[in-house]
Asker: 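Take a look at the following structure, please.
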Protein chains: 2
Amino acid sequence: MAIAGKETPRERYRAQLRAEIKQHAWEQIAAAGAAGLSLNAIAKQMGMSGPALYRYFAGRDELITELIRDAYRSLADTIRATADSGADLAGLGHALRAWALDDPQRYFLIYGTPVPGYHAPDDITMIASEIMDALLDAAQPGGTPADTPGDSRLEAHLAEHRGWAANHPAPPAALRRALLFWTRLHGILSLELAGQFTGMGLDPAELYTSELRHLTR
Amino acid sequence: MAIAGKETPRERYRAQLRAEIKQHAWEQIAAAGAAGLSLNAIAKQMGMSGPALYRYFAGRDELITELIRDAYRSLADTIRATADSGADLAGLGHALRAWALDDPQRYFLIYGTPVPGYHAPDDITMIASEIMDALLDAAQPGGTPADTPGDSRLEAHLAEHRGWAANHPAPPAALRRALLFWTRLHGILSLELAGQFTGMGLDPAELYTSELRHLTR
DNA sequence: CGCCTTCGTTAGAAGTTATAACTCGATCGC
DNA sequence: GCGATCGAGTTATAACTTCTAACGAAGGCG
């Protein structure tokens, strides 16, 4: 992005085709999930035949990893942009839900069922901690002190096990808030996106905002 | 189960072989996830070749559906047995976590990333509501009334949208407790099983029991 | 004892990922 | 401008997968 225009036409074409491949991949994933993604089908859709895609991605796994990276990047940018626009933790919560509902399978690419063997590359875990940082920033103000014995016990644990927030000056109360923000909202969101609430007759948004109110009270 | 012994030896053999197939399937799923399950590989492991398995399952989808059914059945039995042994909501929470840690992929078969097209058969949703019933039973006693305006608003919503608990006499406060039990614990559990906490240096069990204390306070 | 159901086999179609070898066109250096 | 080189896309092929079809062989049942 910094020094543009220095790219050869070949690199332009290559980048453009890579993007086009990923575009088709996202459509397939939205339709049939990540397990139903087929390189062959993408190639057919693009009018070229099979192995041509291997010029652009080493294989199916690399394509999926790239999509996971993009998903993380998109979430991190969304969270960061929302935070920079002055939103509080509640604002982040609503932004998270909107982002998830916008493309459920993209959410599941990040937080869904993992493949036992798979380990994300380091740069992806960097983005993940970037997200956590933004959460910790937003969890700072209005730091509600522990209001139950259970809360303070958790805060004590977090005060001693804060490796994940080592570079962040947030106090234990903020650590606890950020963590609960993550786990509680993910709990509702993942069940909602998986359709576990359908047929129950309740409104997930009501549950979600209730938890959000509780967290930012 | 009721009138046993009336089965022909063929039916016995058939049931035994079906069970053996499922056993190998579980091992494969534990090793490579549901996406990595291969009928062919199972057949090879059992010393028979390929299409023989189609005598016992109509196809890969039916086998997976059967495994999902068994997973639900196992969870429902575990929850019900724990509840019948006099455990309270906290006891159910610990039983749930133990059950999930015992076989993470089995947990993900129920609560993991859904395949967009898939709809569970009715008998499976019956088991799901059986689980919810046990939760509602346990959420009954010690029904903490709403202690924040947000809580009471959620309870008001649940009082009017209680289709999922239509056959259960639990008051709105119990509905809320059971629901939060489900979503909050699932949030932590699914992130833990997915390995999202690894490298963070915190103990998921601490977080889990903290939420559990909070729910049963 | 004979029939008949059911099991397990091999053969094959249609799909997938992925590699190898090759052609052709564009780009780059001279 | 011209030749050499690099890279895109092709087809062919191997090794998988699910799943159907047709066949042989073994068992249980009347």
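Chain naming here is simple, since letters A, B, ... match the order of the sequence lines and numbering starts at 1 in each.
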Asker: Pull out every protein N or O sitting under 3.5 Å from an N or O of nucleotides 23-25 of chain C, one pair per line with the distance.
Answerer:
from	atom 1	to	atom 2	distance (Å)
C:dG25	N2	A:Arg10	NH2	3.3

Asker: Using ring-ring contact (aromatic ring centres under 6.0 Å, His included) as the criterion, list what pairs up with B:Phe57, not counting sequence neighbours.
Answerer: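 Per chain and number, B:Phe57 pairs via ring-ring contact (aromatic ring centres under 6.0 Å, His included) with no residue.
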
Asker: Once salt bridge (charged side-chain N to carboxylate O under 4.0 Å, His left out) is applied, what residue pairs with a partner in residues 107-125 of chain A remain, sequence neighbours excluded?
Answerer: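 Every salt bridge (charged side-chain N to carboxylate O under 4.0 Å, His left out) pair that includes a residue of residues 107-125 of chain A, provided the two are not neighbours, is A:Arg69-A:Asp123.
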
Asker: Figure out the CD/P separation between B:Gln16 and C:dT6, and round it to whole Å.
Answerer: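 B:Gln16 atom CD is separated from C:dT6 atom P by 19 Å.
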
Asker: Would you tell me if any nitrogen or oxygen in the side chain of B:Arg14 comes within less than 4.0 Å of OP1 or OP2 on C:dC7?
Answerer: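 So the side-chain polar atoms of B:Arg14 do come within 4.0 Å of the phosphate oxygens OP1 or OP2 of C:dC7, strictly under.
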
Asker: Please set out all donor-acceptor pairs under 3.5 angstrom arising from side-chain atoms of residues 185-195 of chain B, sequence neighbours excluded.
Answerer:
from	atom 1	to	atom 2	distance (Å)
B:His186	ND1	B:Tyr107	OH	2.7
B:His186	NE2	A:Ser190	OG	2.8
B:Ser190	OG	A:His186	NE2	2.8
B:Ser190	OG	B:His186	O	2.9
B:Ser190	OG	B:Gly187	O	3.3
B:Glu192	OE1	B:Arg97	NE	3.3
B:Glu192	OE1	B:Arg97	NH2	3.3
B:Glu192	OE2	B:Arg97	NH2	2.7

Asker: I'd like a table of atom pairs between the protein and nucleotides 9-11 of chain D - only N or O on both sides, under 3.5 Å - with the distance next to each one.
Answerer:
from	atom 1	to	atom 2	distance (Å)
D:dG9	OP1	A:Tyr13	OH	2.6
D:dG9	OP2	A:Tyr56	OH	2.5
D:dG9	N7	A:Arg55	NE	3.1
D:dG9	O6	A:Arg55	NH2	2.4
D:dT10	OP2	A:Ser49	N	3.0

Asker: Tabulate atom names and distances for all N/O pairs under 3.5 angstrom spanning the protein and nucleotides 13-18 of chain D.
Answerer:
from	atom 1	to	atom 2	distance (Å)
D:dT18	OP1	B:Leu39	N	2.5
D:dT18	OP2	B:Asn40	N	3.0

Asker: Give the rounded distance in Å between these two atoms: CD of A:Glu11 and P of C:dA26.
Answerer: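 Result: 18 Å.
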
Asker: Please check: side-chain N/O of A:Arg60 versus main-chain N/O of A:Leu39, any donor-acceptor pairing under 3.5 Å?
Answerer: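 Such a contact is absent between A:Arg60 side chain and A:Leu39 backbone.
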
Asker: Got a sec, which residues hit side chain to side chain donor-acceptor pair (under 3.5 Å) with B:Asp203, two or more places apart in sequence or on another chain?
Answerer: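 For B:Asp203, no residue satisfies side chain to side chain donor-acceptor pair (under 3.5 Å) once neighbours in sequence are set aside.
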
Asker: With sequence neighbours excluded, tell me which residues meet ring-ring contact (aromatic ring centres under 6.0 Å, His included) with A:His168.
Answerer: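 With neighbours one apart ignored, the set is empty.
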
Asker: Under a 3.5 Å threshold, yes or no: a donor from one side chain and an acceptor from the other, between A:Trp164 and A:Ser129?
Answerer: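 No, A:Ser129 and A:Trp164 have no side-chain donor paired with an acceptor closer than 3.5 Å.
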
Asker: List the atom pairs, with distances to 0.1 Å, where a side-chain N or O of residues 40-54 of chain A and a protein N or O form a donor-acceptor pair under 3.5 Å, not counting sequence neighbours.
Answerer:
from	atom 1	to	atom 2	distance (Å)
A:Gln45	OE1	A:His24	ND1	2.7

Asker: CG of A:Leu63 versus C1' of C:dT16: gap in Å, rounded?
Answerer: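 Those two atoms, CG and C1', are 15 Å apart.
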
Asker: Can you check the B:Arg12 CZ to D:dG27 P distance for me, whole Å?
Answerer: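 Atom CZ in B:Arg12 sits about 18 Å away from atom P in D:dG27.
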
Asker: Send over the distance from A:Glu20 CD to D:dA8 C1', rounded to a whole Å.
Answerer: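 To the nearest whole Å, that distance equals 15 Å.
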
Asker: C:dT9 C1' sits how many Å from B:Met46 CE, rounded?
Answerer: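 Result: 15 Å.
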
Asker: With sequence neighbours left out, write down each residue that passes ring-ring contact (aromatic ring centres under 6.0 Å, His included) with A:His94, or none if nothing qualifies.
Answerer: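 A:His94: no ring-ring contact (aromatic ring centres under 6.0 Å, His included) contacts found.
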
Asker: Rounded to the nearest angstrom, tell me the gap between atom CZ in B:Phe57 and atom C1' in D:dT20.
Answerer: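 Interatomic distance, CZ of B:Phe57 to C1' of D:dT20: 19 Å.
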
Asker: Would you please name every residue forming a side chain to side chain donor-acceptor pair (under 3.5 Å) with B:Glu211, sequence neighbours left out?
Answerer: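 Counting only residues at least two positions away or on another chain, B:Glu211 forms a side chain to side chain donor-acceptor pair (under 3.5 Å) with A:Arg184.
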
Asker: Quick test of your reading: applying ring pair (Phe, Tyr, Trp, His ring centres under 6.0 Å), list the pairs with at least one residue in residues 191-211 of chain A, sequence neighbours left out, ordered by first then second residue.
Answerer: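 Counting only pairs at least two positions apart or across chains, the ring pair (Phe, Tyr, Trp, His ring centres under 6.0 Å) contacts touching residues 191-211 of chain A are A:Phe197-B:Trp182.
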
